[in-house]
Novice: 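Take a look at the following structure, please.
Chain letters run A, B, ... following the sequence lines, proteins first, then strands; residues in each count from 1. When reading the values below, keep in mind they use all heavy atoms of this one structure, side chains included, and skip hydrogens, waters and symmetry mates.
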2 protein chains.
Amino acid sequence: MSTRDRLVESTRELLRERGYTGTSPKAIQQRADAGQGSMYHHFAGKQDLALAAIDRNAEELTAKAERELDSPGTPAERIATWLRREREVLKGCPMGVLVQDPEIIASPTLRSPIAGHFDWIRGRLTEILAEGGLDPRLADTFLAVLQGGYVLARAAGDPKPFADAVEGAIALLERATAE
Amino acid sequence: MSTRDRLVESTRELLRERGYTGTSPKAIQQRADAGQGSMYHHFAGKQDLALAAIDRNAEELTAKAERELDSPGTPAERIATWLRREREVLKGCPMGVLVQDPEIIASPTLRSPIAGHFDWIRGRLTEILAEGGLDPRLADTFLAVLQGGYVLARAAGDPKPFADAVEGAIALLERATAE
DNA sequence: GTCTATAAATTGATAGAC
DNA sequence: GTCTATCAATTTATAGAC
């Protein structure tokens, strides 16, 4: 892996572990085993690195969601498959965590690619819900169950609230579908 | 308001605006119009101030939720009333925002009072769901809808995803209840 | 492309006068 | 109780040699 790539990967890890505000360029350099000068050669600064990391996150997460949401089955089944994907819950959502960071919220440059990613999933979910004749607002409901599940699990230090939130939501969806 | 109280209130505001990692003692002092020495006279340091702020948050939020969840009506109606309370969505949940902060997650001292607050609401919701013969896992589902709604709204810079997530969840609950 | 040196600002506190 | 002075460490870079 190139020095540049190592810097991006280190930034991705650190943003998830420590947030944007809590991540220093120094920490990124150390984890990537790159020098100060090397980092500032490849990137303009901390924000520029974060942008590259967010873009990579979006690519990866989009690919995963696409696979699950396009799998065979009824709309409700496909949504359940996506909701039930294994996640490293206690680490937080790579994108969701960033949205709570004050410096990211304050910076349109950093916030908009994250917003764009959520917009994409919302749109895809809305299409699938329409197929099933389901309430389009449920796109945000299910997205929120995931994002909120992360929050509850992290507060508790235990993935259980996440699992319960997801299974409760799926049970409601199945009820609404069964008729 | 006493200097001590002003310090706690300033800390509450700043924790919500800038998170724990992003809040400096200096900023707290300036907003409270208190000197350095004054702050360190009343509190042992930043963590001690945050604890006082979290405790106040818990008191206030518990009182509000208690009122709504104990109001007259069916279980589903009481939960809907609580979900629909007006919230300053774009500012984030005073507790939920903190849970995404790396330093808070890493500190049992700071995390446990927050966990305790969520435990309390979860318990109260579980009782109400039991009254209605509803799936107990829905306690986490509805809590997650709120917490996740905040995340989506902040990402979008718009309270709409929060409102849609909540209304979608209530629609599902009403369906599950109607029989 | 990578390195070391330097730097201005901020962070979270402590010390001690008043 | 409140103030100012001081401090060691860290933060986010920039400069310039190699």
Novice: In whole angstrom, give the distance that lies between atom CZ of B:F43 and atom C1' of D:dT2.
Specialist: 15 Å
Novice: Is the closest side-chain heavy-atom distance between B:R87 and B:L146 below 4.5 Å?
Specialist: yes
Novice: When you measure from the side chain of B:S38, which nucleotide among D:dC3, D:dT14, C:dA13 comes out closest?
Specialist: D:dC3
Novice: Which nucleotide, D:dG1, D:dT11, C:dA13, lies nearest any side-chain atom of B:H41?
Specialist: D:dG1
Novice: Can you measure B:Q30 atom CD to D:dC3 atom C1' for me and round it to whole angstrom units?
Specialist: 15 Å
Novice: A:Y40 has a side chain; which of D:dA13, C:dT2, C:dG12 sits nearest to it?
Specialist: D:dA13
Novice: Specify the separation, in whole Å, of atom CZ of B:R6 and atom C1' of D:dG1.
Specialist: 12 Å
Novice: Mind calculating the distance between CD (A:Q36) and C1' (D:dC18) to the nearest angstrom?
Specialist: 17 Å
Novice: Do A:W82 and A:K64 touch side chain to side chain, with heavy atoms closer than 4.5 Å?
Specialist: no
Novice: Looking only at atom types and distance, does a side-chain atom of A:S107 sit under 3.5 Å from a main-chain N or O of A:E103, one as donor and one as acceptor?
Specialist: no
Novice: Answer yes or no: does a side-chain N or O of A:H42 lie under 4.0 Å from OP1 or OP2 of C:dT2?
Specialist: yes
Novice: Across the strands shown, which category fits A:G37 at heavy-atom distances under 4.0 angstrom: base, sugar-phosphate, nothing?
Specialist: base
Novice: B:S24 side chain: which of C:dT11, C:dT2, D:dT12 is closest?
Specialist: C:dT11
Novice: Do B:L129 and B:D135 make a side-chain contact, defined as non-hydrogen atoms from C-beta onward lying under 4.5 Å apart?
Specialist: no
Novice: Under 4.0 Å from OP1 or OP2 of D:dT12: is there any side-chain N or O of A:K46 that close?
Specialist: yes
Novice: Is B:T3 near enough to D:dT2 that one of its side-chain N or O atoms lies under 4.0 angstrom from OP1 or OP2?
Specialist: yes
Novice: Between P on C:dT11 and NZ on A:K26, what's the gap in Å once rounded to a whole number?
Specialist: 17 Å
Novice: Got A:L15 and A:P94 here, is their nearest side-chain heavy-atom distance under 4.5 Å?
Specialist: no
Novice: Distance check needed: C:dT11 C1' versus B:L14 CG, whole Å only.
Specialist: 15 Å
Novice: Whole Å only: how far is the CG atom of A:D33 from the P atom of C:dC3?
Specialist: 8 Å
